[in-house]
Amino acid sequence: MNKKNGILFAVFVVSVLIAGCVQPPEEEVKEIKIGIVAPLTGGASTTGTDMWQSALLAAEEINARGGVDVGGVDMQITLVKGDTETSREGGVKAVTKLITEDKVDLLIGGFSSGITYADQVVASEHKVPFIITGASSPIITRRTDIDTSYFFHHCPTTDDYPEATLLFVNDVVKPRIYERFNFSADRPLRLAVLYQDSKYGEGVFDGIKKAIEKHSLNIDIVSAEKFKMSETDFRTALTVIKDSKPDVVYPAAFLNEQTLIVAQGRKDVGLDTIYLSVECNDDPDYYTGVGRWGEYSIQESRFSPYAIPSGPIHDVVAKFKADFENRWGTSPSMMGASTYEGVYVAAEAIKNAGTLDKEEVRASLAALEMPQVIEVMQNGVITFSKDYRESKFELYMEQLIWDETAGETRPKIVWPDNIKETDFVLPDWYEPGSP
Amino acid sequence: MDLSVLIQILVWGLYAGCIYILLAIGLNLIFGVMKVVNFAHGELLMLGAYAAFWIYTLLGINPYLIIALAMVILGIIGVFIERLCFRPIMGTGKLNEIFLSLGLIYLFQNLAALLWTTDSRSIHSPYSDVSVSIGSIQLPMDYIIIIAFTVVFLIAFQLFMKRTTLGRAMRATSQNREAAVLMGIHVERMDMLSFAMGSALAAAAGSLWVISGQIANPYMGSIPAIKAFAVIIIGGLGSIPGAIVAGLTLGIAENIVPLFMQSFVGLFGVSMSFTAWKDTIAFFILIIVLVIRPTGIFGEKGE
Amino acid sequence: MKLDRINVTINMKTGIGIISLILAFLIPLIFGINQYLLTVLIITLVFIIYSSAWNLLALSGQASLGHAAFFGIGGYVSAIIASSLGLPPIAAILVGGLFAAFIGVLIGLTCIRMREWFLAMVTFGFAIIAHTITTELSWLTGGWDGLPAKRLIPITITNYIMYEYYIMLLIAVAVIVIIYLITKSRMGLALEAIRENELEAKVMGIGVTKYKLMAFAISAFFTGIAGALEVHHFGYITPEIYGMDISFWPIIYSISGGLFTIGGPILGTIVITFIWEVLRTFGLMYERLILIGVILVLIVIFLPKGLVSIPEKIKSR
């Protein structure tokens with residue numbers, strides 16, 4: 001290779017690199033472009049793929065009905081993939097590309113708070129409305145270092161899960177325990193927490209403390225143990241928890257961890273208690289994995305693979321599930337459900353705004369009031385709160401009941417009363433904490 | 001804290017230690033014969049666990065009978081890795097081994113994710129309902145079996161190395177490669193054999209791992225492998241008794257030390273959980289040992 | 001004759017370097033202020049600095065598997081200093097780098113007598129320890145929520161992204177020149193001698209401990225700077241910065257480009273980033289990572305001097 005070739009090679013490398021990054025400008029078409037920010041590769045790719053598939057289903061449904069009426073013009077929705085690769089670098093690249101190259105009108109998605117924090121900086125700088133449907137930290141819309149007025153949080157936060165869960169425990173589980181074991185009414189309920197050492201786990205633990213204070217619940221946290229993310233051996237932590245004699249155990253864990261916590265707790269450690277569970281575990285894999293050990297444990301949820309809340313949205317949910325399975329051959333997940341709704345929320349807001357102008361769309365989202373779609377919302381409407389732009393979900397509680405035909409447990413909604421399918425059962429083998 | 005709680009936790013530590021020991025012995029064997037360190041050893045554990053899972057799912061036989069089959073499969077894979085990857089770079093420097101292993105980690109983890117998805121897999125042991133209670137201490141049947149398995153493996157391994165011609169040849173190779181060649185030992189065959197045996201032991205660890213009610217997924221191997229490295233470093237490279245002592249110590253320490261730390265800060269009125277510090281503690285122990293004795297506790301001068 | 005040959009190769013490499021540099025400076029002028037392109041290039045530049053710094057340590061025979069510790073420490077210290085003392089980010093970055101260097105010396109001291117894989121394990125462990133300590137010190141680091149960081153150039157300035165790009169480019173060039181000078185100095189020769197045979201180097205009277213520590217300090221310093229630059233570009237820092245992938249990328253880049261060379265980490269970062277971004281457009285997921293693994297294995301076996309050695313290989317045919 002001589003000098004000339006070397007230089008040519010250098011020119012080649014650089015120009016190819018540039019060619020890879022720059023795409024020819026596209027023609028102006030009358031369409032609504034929405035960027036879906038989701039981890040399509042990397043550690044969280046399963047969830048990310050669900051989010052993308054659900055969003056696509058919603059867009060196809062809307063387009064099949066003639067699209068969205070934007071100031072008298074019917075526009076079709078086009079979705080653009082933004083793969084965060086489950087990393088900060090990937091997230092920033094993806095969001096920058098969506099905004100500056102694909103020129104999307106709006107962003108939907110965002111999974112994992114740690115990654116979303118960095119993505120938000122880019123979105124806020126370009127003032128692009130972002131409907132966040134997968135990151136559970138309340139900080140998302142409360143941070144002060146950037147202008148958060150373009151962010152709309154459409155999924156429950158780590159403050160919301162424990163609030164609903166503990167209210168249920170206080171209203172339903174506690175009386176049953178106290179009745180059976182003749183505890184005096186002023187004895188505080190003994191709660192043990194086993195949480196993941198992460199934003200999510202810590203957020204749930206904080207949420208537990210906030211909920212106890214907010215509703216002045218008579219609940220004592222008798223032990224709080226942390227574990228490393230994707231830990232597989234919980235026996236030591238569970239042994240310590242058993243030693244603290246809890247009435248109820250609240251793990252803040254992901255699916256793999258929750259499965260092992262419940263199985264190892266019941267099987268190896270002999271901690272025969274009521275296990276609570278955060279909504280992200282309401283997934284077919286959880287019921288397969290936990291097997292019989294999960295019987296009678298409690299699952300908080302807003303969208304379940306097996307249970308459908310009775311009441312007004314029952315038929316819509318059933319249809320969504322069937323459509324999703326027809327289209328993709330798998331069942332939809334919770335993050336998918338809120339992302340699906342995110343597309344409907346965006347369509348409604350754009351229709352109300354009558355324009356694609358980002359500032360108008362933002363104002364329209366802030367003022368939005370639309371009927372619930374496939375998840376139960378408080379008062380039956382999707383609306384973003386005035387202070388922190390969070391939509392409020394009606395979370396429900398399920399109990400896992402053995403299903404002989406499935407050979408697994410199946411969730412049954414037991415709370416709140418207006419949508420419940422059956423009543424909570426305190427199992428015979430249940431052992432309370434110290435009197 | 002109750003004494004019974006402490007003993008119970010010792011048992012959990014003992015179990016973790018068994019897995020580390022099986023991995024560490026394999027690593028030690030490969031290192032002894034080839035003077036090569038395979039950082040991708042955890043991926044062999046992962047493949048072993050998947051092998052056990054698939055055989056179990058397809059054949060549905062008692063999972064403990066599967067272990068031998070999984071070991072054979074991984075032994076064959078081990079031979080391929082040795083011949084295709086490690087033999088070409090033998091003698092080109094220690095850094096190359098580290099970098100090659102890194103490549104293998106990426107390759108195996110993601111190949112597994114591509115082929116079998118990242119969903120976690122588990123095997124339901126037929127004995128998962130059985131447990132033996134001694135006083136207030138709970139001993140699940142599977143644990144007793146696993147500890148017994150490990151002991152049997154160790155004895156069989158020792159007998160093989162001391163009593164058979166093949167084992168003696170391997171020991172000769174690890175003591176002095178040049179002299180072994182002069183004695184007519186086919187050292188390259190010994191390399192292959194050591195890699196196969198090391199991989200088989202990793203497969204045993206992986207199978208026991210899923211059978212005991214933990215899960216298999218493509219990323220399961222990294223942390224146990226790192227612990228196994230810590231074990232052979234602490235125990236001293238090439239030392240079998242060192243690996244056993246260090247493996248048990250590490251398994252127990254990472255379970256007990258967080259509790260001591262918790263009680264300790266409790267004295268100052270601080271309530272803090274250290275159970276998430278497991279890996280951090282393992283590395284602290286490793287660093288302290290190495291600072292005091294750079295060759296490990298039982299290690300001699302090394303190579 | 002032989003000398004001439006060497007001169008020509010050096011000239012050729014310098015020529016490529018200068019031309020690439022000119023092209024790099026022209027990019028914003030040719031393509032306009034394309035934010036996506038510049039963002040990708042900025043991240044690439046950060047990793048060029050990072051990989052070059054990692055490679056410098058490898059030059060002394062010490063392969064770190066936990067450089068994310070320094071990357072993260074540099075980022076956190078710089079972000080905290082910039083916010084609490086009101087220092088401009090460009091100055092805070094230096095503090096971040098210096099602090100990372102200080103930690104680097106401490107780690108270096110514990111590692112100095114260790115063999116390669118012991119060192120690999122210990123550095124790997126340090127990244128995990130740094131992660132744990134950072135999340136526990138939440139009053140200082142924001143814990144899992146992380147911290148906002150000042151932007152390198154305030155976004156209120158028009159075309160700030162272009163200025164950021166040029167600053168990154170200048171720093172990258174400066175770092176590479178400094179590392180180049182180091183490798184050509186007494187220290188560079190000493191490091192190479194240590195890598196080849198530590199015992200012999202000692203016998204030859206080379207201050208092995210001193211040079212190994214210096215390599216650790218300088219490498220950690222530049223790594224800290226790279227981390228701080230990334231954080232001030234993103235405007236936010238979270239403990240994800242200590243991730244294993246962050247420790248491994250510079251290794252992948254350096255090996256594919258060419259270990260122990262100046263051009264290696266640069267070329268490796270560019271080529272692998274390019275392949276990565278192209279494969280993204282094909283929607284490949286795990287295949288990308290499998291390919292990285294295959295590339296690593298093949299390069300270690302068949303092209304141990306990396307992509308930069310291809311011209312020499314062709315020539316020697």
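Below, chain A is the first sequence line, B the second, and so on; all start at residue 1.
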| task | Please lay out, stage by stage, how B/Ile287 and C/Ile129 fare under the test side chain to side chain contact (heavy atoms under 4.5 Å, CB included). | result | CA-CA 11 Å; B/Ile287 290 167; C/Ile129 293 172; 4.0 Å; yes

| Atom group of B/Phe108 that falls short of 4.5 Å from chain C, counting heavy atoms | neither

| Which one, C/Leu291, C/Leu296, C/Leu289, leads in non-hydrogen pairs under 4.5 Å with chain B? | C/Leu289

| message | So, taking the atom named CZ in B/Phe274 and the one named OG1 in C/Thr132, what distance separates them when rounded to the nearest 0.5 Å? | response | 11.0 Å

| Once the angle between the rings of B/Phe31 and C/Trp117 is folded into 0 to 90°, is it parallel (under 30°), tilted (30 to 60°) or perpendicular (over 60°)? | perpendicular

| remark: Max heavy-atom pairs within cutoff under 4.5 Å with chain C, candidates B/Ile105, B/Leu111, B/Leu84, goes to B/Leu111

| query | Counting only heavy atoms not in C/Leu199, do more than 12 sit closer than 6.0 Å to its CG atom? | reply | no

| field | Winner by heavy-atom pair count (cut-off under 4.5 Å) against chain B, out of C/Val297, C/Leu298, C/Ile133 | value | C/Val297

| task | Examine whether an atom of B/Ile226 lies under 4.5 Å from a heavy atom of chain C, and if so say whether it belongs to the side chain, the backbone or both; otherwise answer neither. | result | both

| query | Is there a side chain to side chain contact (heavy atoms under 4.5 Å, CB included) between C/Phe118 and B/Leu237 once you walk through the steps? | reply | CA-CA 10 Å; C/Phe118 287 23; B/Leu237 281 176; 3.9 Å; yes

| Would you say the side chain of B/Phe229 lies within less than 4.5 Å of the side chain of C/Phe124, judging by non-hydrogen atoms? | no

| Checking side chain to side chain contact (heavy atoms under 4.5 Å, CB included) against C/Val122, which of B/Val291, B/Leu290, B/Ile233 comes through? | B/Leu290

| query | So what's closer than 4.5 Å to chain B heavy atoms on C/Leu259: side chain, backbone, both or neither? | reply | side chain

| said: For C/Glu136 versus B/Trp277, what's the shortest heavy-atom pair and its separation? | reply: OE2-NE1, 3.0 Å

| field | Residue selection (most heavy-atom pairs with chain C, distance under 4.5 Å) from B/Ile89, B/Asp279, B/Leu286 | value | B/Ile89

| Closest-packed option against chain B by number of heavy-atom pairs under 4.5 Å, given C/Gly61, C/Ala58, C/Ala120 | C/Gly61

| message | Show, in sequence, the C-alpha distance, side-chain angles and deciding distance for B/Phe283 and C/Met121, and conclude whether the side chain to side chain contact (heavy atoms under 4.5 Å, CB included) test is met. | response | CA-CA 9 Å; B/Phe283 280 109; C/Met121 287 304 300; 4.0 Å; yes

| task | Identify which part of C/Ile301 has an atom lying under 4.5 Å from any heavy atom of chain B, answering side chain, backbone, both or neither. | result | both

| task | Select one option (side chain, backbone, both, neither) describing which atoms of B/Glu97 are under 4.5 Å from chain C's heavy atoms. | result | side chain

| said: As an exercise: rank B/Cys85, B/Ser101, B/Ala113, B/Pro88 by heavy-atom pairs under 4.5 Å with chain C and give me the winner. | reply: B/Ala113

| message | Are C/Ile299 and B/Phe99 packed together at the side-chain level, in the sense that at least one heavy-atom pair is separated by less than 4.5 angstrom? | response | no

| Which region of C/Leu65, side chain (C-beta onward) or backbone (N, CA, C, O), has a non-hydrogen atom less than 4.5 Å from a non-hydrogen atom of chain B, or is it both or neither? | side chain

| task | Check each of B/Leu104, B/Leu95, B/Thr92, B/Asn96 against C/Val300 using the side chain to side chain contact (heavy atoms under 4.5 Å, CB included) test, and report the only one that passes. | result | B/Asn96

| query | Quick one: what part of C/Ile255 sits under 4.5 Å from any heavy atom of chain B, side chain, backbone, both or neither? | reply | side chain

| field | Contact origin within C/Phe302 toward chain B - heavy atom pairs under 4.5 Å | value | neither

